[in-house]
**Student:** 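Dropping the structure in here first, questions after.
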Amino acid sequence: MANTIAIGIQWGDEGKGKIVDLLAPGADVVARFQGGPNAGHTLIIGETKTVLNHIPSGILHENTLCLIGNGTVVDAHRLVEEMATLESAGIPVKERLQISDRCQLILPYHRALDAAREAAKGEAKIGTTGRGIGPTYEDKAARRGIRLIDVDKAGLDKKIDENLHYYNFLLTQYYHAAPVEKSTVMAALELARTHLLSMTADVTGILSEQCQAGKTILFEGAQGAMLDVDHGTYPYVTSSNTVAGAALCGLGVGPGQVDEVLGIAKAYTTRVGSGPFPTELYNGKELMDAAGKYMAEKGHEFGSTTGRPRRTGWYDAVVVRHAVRISGVTGLAITKLDVLDGLKEVKLCVAYERNGARLETIPSCEDEFAECVPIYETMAGWSESTYGLTDVNALPAAAKAFLDRLEAISNCPVVMLSTGPDRAHICHI
Ligand code: GDP
Ligand code: IMO
Ligand code: MG
């Protein structure tokens with residue numbers, strides 16, 4: 001395998017965890033470069049299900065070094081819990097995982113502000129995961145963030161006092177919410193000091209050595225292109241860059257170290273949280289079209305992290321073409337084709353219509369995006385099961401025709417096809 005960046009190219013939950021886990025044996029290193037515990041990456045191996053939030057999806061493999069890069073944000077409580085769950089399942093996490101000492105820490109006041117803001121926004125809320133992601137990235141840019149390296153340094157107490165002064169003013173005076181106690185913040189920092197500090201490393205240095213030694217790196221993204229803070233459906237996005245370029249600054253590697261960019265997309269589309277979604281058919285409560293509910297139920301479309309129902313709709317090639325362009329995607333991994341089994345007809349959105357004009361690309365303005373009406377191509381469905389197929393030639397003719405058309409309108413070759421949640425359910429093309 002070549003050095004590959006694997007990223008989501010819709011609104012997250014495309015099956016990145018599954019794809020990264022199955023590619024990991026071909027890599028020496030799997031490295032996460034952005035996001036934090038807002039991510040939920042699911043790995044299914046036989047009867048065993050593993051959901052990862054911070055930890056790279058290569059962790060189940062004995063000979064794979066897993067790295068968490070400087071571009072990620074870390075919640076010590078959740079990461080320690082995540083490690084303990086894996087350790088109790090017999091995975092020697094501490095032998096396989098190293099964390100950048102430059103990672104920003106998510107602290108209780110970040111979660112409190114995330115919650116207070118969402119509550120204040122009411123109907124207009126972003127629908128965040130509530131994990132404090134936005135405020136933590138804000139602190140990083142504002143240069144008041146606390147990094148892992150800081151937790152045993154003199155001056156920490158003073159920084160915390162300053163931050164608490166600021167946050168508690170915002171929380172109590174602006175949002176009329178409860179203040180955060182210093183003791184809870186200090187407990188989180190103490191946990192990071194006692195459990196995580198010994199696992200920190202110069203991740204950039206490790207990657208540089210690995211590259212020089214000709215080792216193979218698999219870069220694992222979180223979220224998806226449409227949640228990118230610059231290129232997504234702003235403001236209904238996460239607070240980090242999720243595009244392929246983020247792998248470079250989120251780990252400290254140069255562009256010359258990347259050979260391929262694998263874009264992971266479902267054969268349909270889902271989204272959790274608010275914001276425009278032109279091909280939406282079902283929002284978890286209200287039905288716009290029976291196919292939407294069919295896909296949501298058959299695809300078990302509930303958030304891996306929050307359990308919220310995912311909004312569901314048809315494959316949107318406008319979104320995928322945008323993602324291919326902004327990340328230089330060289331190949332597509334299409335997941336969950338099996339979820340479409342049994343539908344009489346299946347649809348692909350090839351372009352949008354807005355105010356009588358045909359649009360081939362997404363508008364930058366959220367209000368204009370919300371007004372886009374999908375232009376569909378409708379194709380025959382298939383009644384046969386594709387579940388678990390490992391040979392693309394064994395697909396029913398209608399499923400093959402759907403995949404061929406999906407590829408043509410996405411401006412990118414399909415190189416992998418996932419036909420079930422298990423690591424073994426994969427066709428390499
Ligand atoms: P991630 O965040 O991109 O890693 O994706 P999630 O793990 O949040 O959501 C993907 C869900 O789809 C998980 O429950 C996976 O087990 C499941 N999954 C992945 N690939 C397939 C597939 O090809 N078919 C089916 N039926 N389920 C899949
Ligand atoms: P993975 O890696 C799907 C969404 C939230 C919300 C928006 C902002 O599993 O694909 P945040 O908490 O990041 O401030 O929320 O982004 N979101 C995700 N949706 N999958 C994810 O991660 C997500 N991470 C964040 O639902 O709409
Ligand atoms: Mg997920």
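The figures here come from the full heavy-atom set of this structure, side chains too, leaving out hydrogens, waters and symmetry mates. These numbers were taken from a predicted model, which means no experiment stands behind them.
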**Student:** Working to the nearest 0.5 Å, report the span between CD1 of Ile5 and CD of Gln257.
**Tutor:**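 Nearest 0.5 Å value for the CD1-CD distance: 11.0 Å.
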**Student:** Over 60° means perpendicular and under 30° means parallel, so classify the ring planes of Trp314 and Tyr376, tilted if in between.
**Tutor:**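 It falls in the perpendicular class, over 60°.
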**Student:** Name all residues meeting the salt bridge (charged side-chain N to carboxylate O under 4.0 Å, His left out) criterion together with Arg143; count only those two or more places apart in sequence or in a different chain, and write none if there are none.
**Tutor:**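 Expected list: none.
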**Student:** Pairing donors with acceptors under 3.5 angstrom, does anything connect the side chains of Thr42 and Lys18?
**Tutor:**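 Result is no, nothing qualifies.
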**Student:** Any Lys/Arg nitrogen of Glu353 or Arg358 sitting under 4.0 Å from an Asp/Glu carboxylate oxygen of the other?
**Tutor:**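 Arg358 and Glu353: not salt-bridged.
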**Student:** Within the distance-only criterion (no hydrogens, no angle test), does the side chain of Gln98 pair as donor or acceptor with the backbone N or O of Asp202 below 3.5 angstrom?
**Tutor:**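 No.
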**Student:** Can you check side chain to side chain donor-acceptor pair (under 3.5 Å) on Gln34 and Ser240, steps first, answer last?
**Tutor:** CA-CA 7 Å; Gln34 47 70 231; Ser240 67; 3.1 Å; yes
**Student:** What verdict does the ring pair (Phe, Tyr, Trp, His ring centres under 6.0 Å) test give for Tyr174 and Phe169, after you've listed the backbone C-alpha separation in whole Å, the side-chain angles of each residue and the deciding distance to 0.1 Å?
**Tutor:** CA-CA 7 Å; Tyr174 190 81; Phe169 179 81; 9.0 Å; no
**Student:** For Glu220 and Gly17, work out which heavy atoms get closest and say how close.
**Tutor:**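 Glu220 and Gly17 have their closest heavy atoms at OE2-CA, 4.5 Å.
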**Student:** Compare every heavy atom of Pro363 with every heavy atom of Cys372, then report the nearest pair and how far apart it is.
**Tutor:**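 Smallest heavy-atom distance, with atoms named: SG-CG, 3.8 Å.
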**Student:** Any ion pair linking Arg144 and Glu138 (charged N to carboxylate O, less than 4.0 Å)?
**Tutor:**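 No, no charged N to carboxylate O under 4.0 Å.
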**Student:** Is the closest side-chain donor-acceptor distance between Asn38 and Gln223 under 3.5 Å?
**Tutor:**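 Distance-only check passes for Asn38 and Gln223.
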**Student:** Do Arg78 and Glu82 sit within salt-bridge range, that is, some charged N less than 4.0 Å from a carboxylate O?
**Tutor:**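 No, Arg78 and Glu82 are not salt-bridged.
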**Student:** Without swapping roles, check the side chain of Ser239 against the backbone of Ile133 for a donor-acceptor pair under 3.5 Å.
**Tutor:**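 Judged by distance alone, no pair lies under 3.5 Å.
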**Student:** Would Tyr166 and Asp139 count as having a side-chain donor-acceptor pair, cut-off 3.5 Å?
**Tutor:**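 The criterion, which ignores hydrogens and geometry beyond distance, is not satisfied for Asp139 and Tyr166.
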**Student:** So how far is it from Ile9 CD1 to Lys266 NZ, rounded to the nearest 0.5 Å?
**Tutor:**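 The NZ atom of Lys266 is 12.5 Å from CD1 of Ile9, to the nearest 0.5 Å.
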**Student:** Do you know the tightest heavy-atom contact between Ala39 and Ala222?
**Tutor:**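 Reported closest heavy-atom pair: CB-CB, 3.9 Å.
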**Student:** Does Arg310 pair with Asp13 as a salt bridge, N-O distance under 4.0 Å?
**Tutor:**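 A salt bridge links Arg310 with Asp13.
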**Student:** Go through it in stages, so that I can follow the logic: the residues are Tyr315 and Ser410, the test is side chain to side chain donor-acceptor pair (under 3.5 Å), and I'd like the CA-CA distance, side-chain angles, deciding distance and then a yes or no.
**Tutor:** CA-CA 10 Å; Tyr315 184 87; Ser410 302; 2.8 Å; yes
**Student:** Using atom types as modelled and distance alone, determine if a side-chain donor or acceptor of His322 lies under 3.5 Å from a backbone N or O of His231.
**Tutor:**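 Side chain of His322 to backbone of His231: a pair is present.
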**Student:** Donor-acceptor pair, Thr72 side chain versus Ile68 backbone, under 3.5 Å?
**Tutor:**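 Side chain of Thr72 to backbone of Ile68: no pair is present.
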**Student:** Looking at CD1 of Ile59 and CG of Leu43, how far apart are the two atoms once the value is rounded to the nearest 0.5 Å?
**Tutor:**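 The CD1 atom of Ile59 sits 10.5 Å away from the CG atom of Leu43.
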**Student:** Under a 4.5 Å cut-off applied to non-hydrogen side-chain atoms, are Ser274 and Ile126 in contact?
**Tutor:**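 In short, these two side chains do not touch, never coming nearer than 4.5 Å.
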**Student:** Using the side-chain contact (heavy atoms from CB on, under 4.5 Å) definition, which of the options Leu148, Ile206, Val203 pairs with Ser100?
**Tutor:**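 Among Leu148, Ile206, Val203, the one meeting side-chain contact (heavy atoms from CB on, under 4.5 Å) with Ser100 is Val203.
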**Student:** With distance as the sole test, does Lys298 use its side chain to make a donor-acceptor pair with the main-chain N or O of Asp338 at under 3.5 Å?
**Tutor:**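 Yes: the side chain of Lys298 pairs with the backbone of Asp338.
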**Student:** Is Asp289 reaching over with its side chain to a backbone N or O of Ala291, donor-acceptor style, under 3.5 angstrom?
**Tutor:**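 Indeed, once roles are kept as given, a pair shorter than 3.5 Å links the two residues.
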**Student:** Within the distance-only criterion (no hydrogens, no angle test), does the side chain of Arg32 pair as donor or acceptor with the backbone N or O of Pro56 below 3.5 angstrom?
**Tutor:**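 It does not hold such a pair.
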**Student:** Strictly by salt bridge (charged side-chain N to carboxylate O under 4.0 Å, His left out), give each pair with a member in residues 396-423 just once, sequence neighbours left out.
**Tutor:**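 As it turns out, the salt bridge (charged side-chain N to carboxylate O under 4.0 Å, His left out) pairs with a partner in residues 396-423, which skip direct neighbours, are Asp21-Arg423, Glu377-Arg405, Lys400-Asp404.
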**Student:** Step by step, work out the side chain to side chain donor-acceptor pair (under 3.5 Å) result for Thr312 and Arg271.
**Tutor:** CA-CA 7 Å; Thr312 310; Arg271 168 164 210 176; over 6 Å; no
**Student:** Looking at Tyr294 versus Tyr282, is the centre-to-centre ring distance below 6.0 Å?
**Tutor:**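 Ring centres of Tyr282 and Tyr294 not closer than 6.0 Å.
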**Student:** If you count heavy atoms of other groups shown closer than 6.0 angstrom to CZ of Arg308, is the number above 12?
**Tutor:**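 Yes, enclosed.
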**Student:** Thr128 side chain to Gly130 main-chain N or O, any donor-acceptor pair under 3.5 Å?
**Tutor:**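 Between the backbone of Gly130 and the side chain of Thr128 there is a qualifying donor-acceptor contact (under 3.5 Å).
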**Student:** Given Val29, which partner from the list Leu251, Asn3, Leu218, Leu207 fulfils the side-chain contact (heavy atoms from CB on, under 4.5 Å) test?
**Tutor:**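 So the option named by the test is Leu207.
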**Student:** Can you find a pair of side-chain heavy atoms, one from Trp382 and one from Leu395, that are under 4.5 Å apart?
**Tutor:**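 The answer is no, as the side chains (C-beta and beyond) never meet within the 4.5 Å cut-off.
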**Student:** Can a donor-acceptor pair be found, under 3.5 Å and without considering hydrogens, that links the side chain of Ser208 to the backbone of Thr204?
**Tutor:**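 Flag not set: sc Ser208 to bb Thr204 has no pair under 3.5 Å.
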**Student:** So, for Gly263 and Val329, which heavy atoms are closest and what is the spacing to 0.1 Å?
**Tutor:**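 Smallest heavy-atom distance, with atoms named: N-CG1, 3.4 Å.
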**Student:** Are side-chain heavy atoms of Phe219 and Val253 found at a separation under 4.5 Å?
**Tutor:**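 Phe219 vs Val253: side chains touch.
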**Student:** Does some side-chain heavy atom of Val373 sit less than 4.5 Å from a side-chain heavy atom of Tyr352?
**Tutor:**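 Tyr352 does not reach Val373 side chain to side chain.
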**Student:** In this structure, are over 12 heavy atoms from other groups packed under 6.0 Å from Arg96 atom CZ?
**Tutor:**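 Count over threshold, so yes.
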**Student:** Taking atom types as modelled, is there a side-chain donor on Tyr387 or Asp341 under 3.5 Å from an acceptor on the other?
**Tutor:**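 Looking only at side-chain atoms, Asp341 and Tyr387 do not form any donor-acceptor pair under 3.5 Å.
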**Student:** Are the side chains of Met416 and Ile429 in contact, using a 4.5 Å heavy-atom criterion?
**Tutor:**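 No - every pair of side-chain heavy atoms lies 4.5 Å or more apart.
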**Student:** With the side chain counted from C-beta on, respond yes when Val180 and Val185 share a heavy-atom pair under 4.5 Å apart, and no when they do not.
**Tutor:**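 They are in contact (side-chain heavy atoms under 4.5 Å apart), so the answer is yes.
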**Student:** Are any of the side-chain heavy atoms of Met83 and Leu97 separated by less than 4.5 Å?
**Tutor:**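 Yes - at least one pair of side-chain heavy atoms lies under 4.5 Å apart.
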**Student:** So does Tyr234 have more than 12 non-hydrogen atoms from other groups sitting under 6.0 Å from OH?
**Tutor:**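 Check fails, neighbour count at 12 or below.
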**Student:** Could you tell me which non-hydrogen atom of Ile106 sits nearest to which non-hydrogen atom of Pro37, and how far apart they are?
**Tutor:**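 Here Ile106 and Pro37 meet closest at CD1-CD, 3.5 Å.
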**Student:** Report yes if some heavy atom in the side chain of His110 is under 4.5 Å from a heavy atom in the side chain of Leu107; otherwise report no.
**Tutor:**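 SC-SC contact between His110 and Leu107 confirmed.
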**Student:** Is a donor on one side and an acceptor on the other found under 3.5 Å between the side chain of Thr4 and the backbone of Ala2?
**Tutor:**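 Between the backbone of Ala2 and the side chain of Thr4 there is a qualifying donor-acceptor contact (under 3.5 Å).
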**Student:** So Gln104 and Thr136, side chain to side chain donor-acceptor pair (under 3.5 Å) or not? Walk me through it.
**Tutor:** CA-CA 7 Å; Gln104 296 280 332; Thr136 307; over 6 Å; no
**Student:** Between Asp75 and Arg111, does any side-chain N to carboxylate O distance fall below 4.0 Å?
**Tutor:**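 Judged by the 4.0 Å cut-off on N to carboxylate O distance, Asp75 and Arg111 do form a salt bridge.
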**Student:** What are the two closest non-hydrogen atoms of Thr386 and Thr419, and how far apart are they?
**Tutor:**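 Residues Thr386 and Thr419, closest heavy atoms: O-CB, 3.3 Å.
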**Student:** Looking at Glu87, I want to see if its CD is surrounded by more than 12 non-hydrogen atoms of other residues, nucleotides or ligands under 6.0 Å.
**Tutor:**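 Correct, the count exceeds 12.
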**Student:** Regarding Asp316 and Thr279, do their side chains bring together a donor and an acceptor under 3.5 Å, going by distance alone?
**Tutor:**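 No pair is found: no donor N or O on one side chain lies under 3.5 Å from an acceptor on the other.
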**Student:** With rounding to the nearest 0.5 angstrom, report the OH to CG distance, Tyr268 to Leu406.
**Tutor:**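 Between Tyr268 OH and Leu406 CG, I get 13.5 Å after rounding to 0.5 Å.
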**Student:** Please determine if Arg354 and Glu371 form a salt bridge, counting it only when a charged side-chain N lies under 4.0 Å from a carboxylate O.
**Tutor:**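 Looking at Arg354 and Glu371, the cut-off is met.
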**Student:** Could you tell me whether Glu360 and Arg321 make a salt bridge, using a distance below 4.0 angstrom between a side-chain N and a carboxylate O?
**Tutor:**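 Yes.
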**Student:** Going through the checks in order, is the side-chain contact (heavy atoms from CB on, under 4.5 Å) test met by Met295 and Thr270?
**Tutor:** CA-CA 10 Å; Met295 291 186 264; Thr270 61; over 6 Å; no
